[in-house]
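All remarks here apply to the structure that follows.
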Number of protein chains: 2
Amino acid sequence: MYKENNLSKNQQIIFDLINKSSEPLKAYTILFSVQKKGIKAPPQVYRALDKLVETGKIHKIESKNAFVACRNSNCEISKATAFSICESCEMVDEISDTKLSKYLSGFNHKKGMKFKRFNLEFFGICKKCKKD
Amino acid sequence: MYKENNLSKNQQIIFDLINKSSEPLKAYTILFSVQKKGIKAPPQVYRALDKLVETGKIHKIESKNAFVACRNSNCEISKATAFSICESCEMVDEISDTKLSKYLSGFNHKKGMKFKRFNLEFFGICKKCKKD
DNA sequence: TTAAAATTTGTTATAATATAACACTATGTA
DNA sequence: TACATAGTGTTATATTATAACAAATTTTAA
Ligand SMILES: [Zn+2]
Ligand SMILES: [Zn+2]
Ligand SMILES: [Zn+2]
Ligand SMILES: [Zn+2]
């Protein structure tokens with residue numbers, strides 16, 4: 001049963017919910033939504049979330065403690081993520097920009113650090129909110 | 001009393017603590033450290049932190065829920081922040097790189113969003129940890 | 001095939017992070 | 001002065017996340 005798509009039962013339930021959502025979901029919002037499916041306690045949600053993040057199926061929006069499905073071929077398993085976040089309507093969009101990604105992946109801190117991963121969050125007002 | 005440096009009493013106490021720390025400090029670590037100075041409850045700490053972030057004196061490391069003093073002329077009041085984070089020793093360093101900053105400040109999302117602010121967190125293993 | 005290893009699940013309790021709400025004091029401005 | 005704005009102190013509570021343990025499922029490989 002688990003082999004077909006490499007996600008376990010709880011992971012699949014939670015991924016499906018995040019994947020069909022148009023906005024980032026918070027852990028406890030997820031918890032309430034999946035209680036009818038038998039997922040009743042926070043650790044069940046957090047474990048699934050951890051695994052999904054680890055495998056790049058979802059990303060955590062750190063500034064919002066919320067989770068979105070990856071829209072970008074799993075982002076090399078979450079090594080290079082970038083988001084645009086509207087400060088008015090809270091909309092979050094994953095940015096897929098090869099030049100940006102290459103630029104940042106190639107960036108190395110002068111002090112001798114070699115980066116393995118980055119997360120970038122842009123904030124502004126989205127097109128839709130600008131009109132209102 | 002407040003005029004001399006534009007920080008209030010609690011803001012100054014908390015800024016001083018963060019500023020002299022060699023590592024990011026968490027809100028409740030700060031709370032315990034300043035109880036002897038009369039700051040006894042979380043709201044007092046969070047209010048000071050909020051203000052200090054707002055004025056660019058400190059930054060929040062979102063992936064760690066921790067705070068560091070700005071080492072970079074207040075980063076245009078926190079409009080453009082970048083950090084390198086060691087995944088081994090948890091060291092955090094603020095990156096000051098004009099080219100990077102300009103590149104990102106000039107980046108605009110295709111979908112019509114104009115960015116006002118960004119936060120970038122790089123993860124890797126620092127020089128010191130690599131040797132060990 | 002079958003026993004050991006690794007992963008996932010279920011569950012209770014608790015830790016860690018953050019804010020609401022209210023009464024009050026201090027400071028800046030006119 | 002007197003008004004507005006910002007900061008303080010306090011209690012309670014909301015939100016986010018993990019520890020710890022027992023059981024079941026799946027994978028691996030002898
Ligand atoms: Zn992605
Ligand atoms: Zn918007
Ligand atoms: Zn700075
Ligand atoms: Zn290190």
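Labels below follow one simple rule: chain letters A, B, ... track the order of the sequence lines, proteins then strands, and each chain is numbered from 1.
- Of the candidates D:dG9, C:dT8, C:dT11, C:dT8 carries the atom nearest the A:Ser8 side chain, counting heavy atoms from C-beta on.
- The nearest pair of heavy atoms linking A:Cys89 to A:Cys129 is CB-SG, 3.5 Å.
- Considering only side-chain N and O atoms, B:Lys51 lies under 4.0 angstrom from the phosphate OP1 or OP2 of D:dG7.
- In this entry the distance linking CG of A:Leu49 with P of C:dT8 reads 14 Å, nearest Å.
- Atom pair B:Ile39:CD1 and D:dG9:C1' shows a separation of 11 Å (rounding to whole Å applied).
- Judged by a 6.0 Å distance limit and a 45° cone about the ring axis, B:Lys57 is positioned over the six-membered ring of B:Phe15.
- Aromatic pair A:Phe107/B:Phe122: centroids less than 6.0 angstrom apart.
- In terms of phosphate contacts, B:Gln44 brings a side-chain nitrogen or oxygen within less than 4.0 Å of OP1 or OP2 of D:dG9.
- Hydrophobic clustering (side-chain heavy atoms under 4.5 Å, transitive across Ile, Leu, Val, Met, Phe, Trp, Tyr) keeps B:Leu25 apart from B:Val68.
- For the atom pair B:Asn19 CG and B:Ile58 CD1, the distance stands at 10.5 Å (nearest 0.5 Å).
- Rounding to the nearest 0.5 Å gives a distance of 5.5 Å between CD of B:Gln11 and CG of B:Leu52.
- Following rounding to the nearest Å, A:Leu31 (CG) and C:dT9 (C1') show an atom-to-atom distance of 15 Å.
- Atom NZ in A:Lys64 sits about 15 Å away from atom P in C:dA18, given to the nearest Å.
- Taking side-chain N and O atoms only, A:Gln11 has a distance below 4.0 Å to OP1 or OP2 of C:dT8.
- Set against C:dA18, C:dT9, C:dT17, the side chain of B:Lys60 has C:dA18 as its closest nucleotide.
- Between the B:Asp97 side chain and the B:Leu100 main chain, a donor and an acceptor come within less than 3.5 Å of each other.
- In this entry the distance linking CG of A:Leu7 with P of D:dT26 reads 14 Å, nearest Å.
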List, with names and distances, any nitrogen or oxygen atoms from the protein found under 3.5 Å away from nitrogen or oxygen atoms belonging to nucleotides 19-23 of chain C.
none

Worked check of salt bridge (Lys or Arg N to Asp or Glu O under 4.0 Å) between B:Glu87 and A:Arg117: CA-CA 10 Å; B:Glu87 289 181 305; A:Arg117 180 164 76 81; 3.0 Å; yes

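- Whole-Å rounding puts the B:Asn10 CG to D:dG7 P distance at 10 Å.
- In this structure, A:Lys26 does not reach the D:dT15 phosphate: none of its side-chain N or O atoms is under 4.0 Å from OP1 or OP2.
- Side-chain polar atoms of A:Glu121 and A:Asn119 form a donor-acceptor pair below 3.5 angstrom.
- One can place CD of A:Glu62 at 13 Å from P of D:dT16, the figure rounded to the nearest angstrom.
- For A:Lys9 and C:dG10, the shortest distance from a side-chain N or O to OP1 or OP2 is below 4.0 Å.
- We find that CD of A:Gln35 is positioned 16 Å from C1' of C:dT9, with the value rounded to whole Å.
- In this structure, the side chains of B:Thr81 and B:Leu120 stay at 4.5 Å or more apart for every pair of heavy atoms.
- Each end of the helix from C:dT1-D:dA30 to C:dA30-D:dT1 gets its own rotation axis from five pairs of C1' atoms, and the angle between them is 40° to the nearest 10 degrees.
- Taking 4.0 angstrom as the limit, A:Asn65 places none of its side-chain polar atoms (N or O) nearer than this to OP1 or OP2 of C:dT17.
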